[in-house]
Amino acid sequence: MLIESLSLRISGHAPADAPDAPMISFDPQGLPYNTVYGDIYKSRAGAMDEAREVFVAGADVAGRWRDHERFTLLELGFGLGVNFLATLAAWRDDPRACRRLHFVSVEGHPADPASLARAHEALGLDGPDARRLRERWPLTLPGLHRIEFADARVTLTIAIGHVHRILPILSVAADAFYLDGFAPARNPAMWDERTCAALARRARPGATLATYTAAAQVRDALAAAGFELALRPGFADKRHCLSGRYAPRWRTFAPPDAAPAWPRREALVIGAGMAGCATTASLSRRGWRVRLLERRAGVAAEGSRQPVLADHLHLSPDDNPLARLTRAALLNAGAASAARPIGRLALAEKPEKRELQRAMLASLDFPQTYARAVERDEASELAGVRLRHGGVWLPLCRVAEPARLSAEWLDAAGGMLSARYDTTVARLERRGDDWLAIDPNGDELGRAPVIVLAAAGEASALAGTDSVALRRVRGQTTILSSAAIGPLRTVLGGDAYACPLDGGGVLAGATFDEGHDLGPTHDADLSNLRRLARLLAAPSDAEGWAETVLASARPGAVGFRHVARDRLPLIGAMPDERAVRRSAAELMRNDRLPFPVLDGIYGAFGYGSRGLLWATLGAEILAAALEGEPAPVESDLLGLIDPTRFVRRLLRRGRRTTG
């Protein structure tokens, strides 16, 4: 089970035997029952009827989403997904429903796929949406998992984790709430004042609420958080249930940001690498018109210019932010025919490192379909070549040809895209509601309310940000024949990197140096081959093998990667450093003041060696920000990749110096 369950037992929020009990059992009638909390999932009188009457009608969602662009619902207690399916059915049946529906649900103990299928069968849930939910059911991994329905007009986000941990870091502005945790006496954390206060911080003005319980402690906690409540007739044998509306007499904290109101849903995207092309696809899918400007002759011509890229997933014993970010990127990558999972072996050359890997996986207790330790023989079998060492097998990691994947994203944009290549943007100029892109001759290249800077080499200069200093790193890959090492069928990672190429051959690399010349060098190819040789069981003479193979190898590609000082990408609104300088004293005195950003200018760059992972995640984060949607990752992770983080650190340093 999840380490989340262990933390529940330690903190007293679940029965002492919770981690060892099966999550779901079935009564003599075949209906599901939760063994962790000793409670039923839904009324025996009819699960869908209860969901429609208590939650969909109780929160008046159909009356409130009418004729709106978007509507967001936040639920506590996803369970078997019955409330979601009932809400989705109501949305489908309503010709005046919102154009886009977001349903975000917190779940501390997700069902296993087999139990979910059996429970759905017992409850008679076998429509297309229920089948899609089962088919796309996420792995039991902490964090946010998204499933799209109705041609991506409905997005379900399942937030796996204990409510006290994950609710405060959800970046959600809710129009309505469903509270459907297990009974307050059995699962008090779902209903206490701490949880209700966290709901209030995510409530849009007038947000409605529904729950099946009318327990006094629940009414008191919700009332203390600012909800006006009304008793309603309960479902079946329950006497009462609750409806409510968020209407505090005063608010001691700011409400969630309103969805941005753009004069037109148009954007200029500067840079046609993977970052820019993925952003174009995400925006166009939401109805934005995009003008793409690229200084090269085609897509993926600079940092993305490699024959193939692979996912570079990070694991850490404490599941640190980088591990959480790369996991979120991998699990929410979306479908793309140009990206295919072939798995990755994170190899450990030294015995002590292999011991650390095994201890880490035992501690994290992740599903083996996500990560598992493998010894040398099994690693060799997975790889198709004999290896010197074992390591960690990551079966979900993908490979993709950057140019092909970028073209696929642009094709998906269809008529919403106009692209212009061989075009240099020299500066940006504000005029009315629009930003203008100006070329070196002073001519206008395009205008839009929103600019996305996806060209790492020019982003800081165009935005006028001195705090965002990127390191430009030269990288060279090497192509060798399959005969040199054998029929490699997965990605090798560790102190070296190797990836099979379609049509034969292996890509090895890449160097990470300070060179300024894009011409390939003999020494770079030799370095790649020497490091690769140390991963292979043969040859015994790594140096001699590298020299021999080099004679028939050829350079793959040479390019520059741009990385920030903390090796994390820059995704989000760009800082307005002129305004920061004007307000520095006030900002140092009060870090709760709104931080100055350039209205309408966003960044998606600094992806370094993780372009395949960051491209889709960055695009979805930006699209969510521009549309006012729930973010696909938690708010603490958004802070780590925020382009304002460097100037914020300067202010904090100044505060410490002058304080």
Side-chain angles (χ1 to χ4, degrees), residues 298 300-312 338-340 342-347 349 376-377 379-391 397-405 473-561 609 611-612:
E302 295 206 8
S304 302
R305 189 170 62 94
Q306 288 292 340
V308 66
L309 293 178
D311 286 324
H312 184 186
R340 55 191 177 90
I342 67 169
R344 183 185 185 108
L345 283 164
L347 301 172
E349 290 190 29
R376 182 183 62 182
D377 288 347
S380 299
E381 178 64 27
L382 289 166
V385 300
R386 294 298 299 168
L387 302 172
R388 288 180 191 261
H389 319 288
C397 288
R398 307 159 300 151
V399 295
E401 298 173 22
R404 182 180 164 204
L405 181 56
V473 180
R474 181 185 180 278
Q476 178 177 326
T477 53
T478 305
I479 296 176
L480 57 153
S481 69
S482 298
I485 67 170
L488 182 66
R489 51 177 175 248
T490 192
V491 176
L492 304 181
D495 292 337
Y497 162 81
C499 179
L501 295 170
D502 283 346
V506 173
L507 185 73
T511 59
F512 201 88
D513 58 60
E514 301 293 342
H516 301 288
D517 188 354
L518 286 176
T521 69
H522 173 278
D523 287 347
D525 284 331
L526 187 58
S527 172
N528 288 334
L529 295 175
R530 284 170 175 163
R531 286 183 287 115
L532 175 59
R534 291 198 292 267
L535 300 182
L536 305 174
S540 56
D541 177 12
E543 186 72 24
W545 179 87
E547 292 281 2
T548 301
V549 170
L550 184 59
S552 60
R554 69 182 192 275
V558 185
F560 294 123
R561 290 166 287 185
S609 59
L612 181 58

SG of Cys499 to CD1 of Ile479, rounded to nearest 0.5 Å, is 11.0 Å

Show the nearest heavy-atom pair for residues Ala310 and Leu612, with the distance to one decimal. C-CD2, 3.8 Å

Using side-chain heavy atoms (C-beta onward) and a distance below 4.5 Å, is Pro500 in contact with Thr490? no

Residues 494-508 vs side chain to side chain donor-acceptor pair (under 3.5 Å), sequence neighbours excluded, gives Arg340-Asp502

CA sep, side-chain torsions, deciding dist, call: Leu529, Glu547, side-chain contact (heavy atoms from CB on, under 4.5 Å): CA-CA 8 Å; Leu529 295 175; Glu547 292 281 2; over 6 Å; no

So does Asp525 pair up with Arg530, basic N to acidic O under 4.0 Å? no

Between the main-chain N or O of Gly504 and the side-chain N or O of Ser482, is there a donor-acceptor pair closer than 3.5 Å? no

side-chain contact (heavy atoms from CB on, under 4.5 Å) partner of Leu492, the single match among Ile485, Val506, Leu387: Leu387

Provide the closest heavy-atom pair for Pro307 versus Glu401 in the form atom of the first, atom of the second, distance. O-CG, 3.4 Å

Check this for me: does any side-chain nitrogen of one of Glu381 and Arg376 sit under 4.0 Å from a carboxylate oxygen of the other? no

When rounded to the nearest 0.5 angstrom, what is the spacing between CG in Leu526 and CD in Glu543? 6.0 Å

Arg474 side chain vs Asp517 backbone, donor-acceptor pair below 3.5 Å: yes

Side-chain donor or acceptor of Arg388 paired with backbone N/O of Leu536 under 3.5 Å: yes

Nearest atoms (heavy-atom pairs only) where His312 meets Ser609: ND1-OG, 4.0 Å

Working to the nearest 0.5 angstrom, can you tell me the gap between Leu518 CG and Glu302 CD? 8.5 Å

Minimal heavy-atom distance between Leu480 and Ala508, with the atoms involved, is CD2-CB, 3.9 Å

Residues in salt bridge (Lys or Arg N to Asp or Glu O under 4.0 Å) with Asp311, at least two apart? Arg398

Take Val399 and Leu309 through the test side-chain contact (heavy atoms from CB on, under 4.5 Å) and record every step on the way to the result. CA-CA 6 Å; Val399 295; Leu309 293 178; over 6 Å; no

Stepwise, does the side-chain contact (heavy atoms from CB on, under 4.5 Å) test hold for Thr511 with Asn528? CA-CA 7 Å; Thr511 59; Asn528 288 334; 3.5 Å; yes

Results of side chain to side chain donor-acceptor pair (under 3.5 Å) for Thr477 - residues two or more places apart only: Gln306

Could you tell me the separation between the OG atom of Ser527 and the CG atom of Leu532, rounded to the nearest 0.5 Å? 11.0 Å

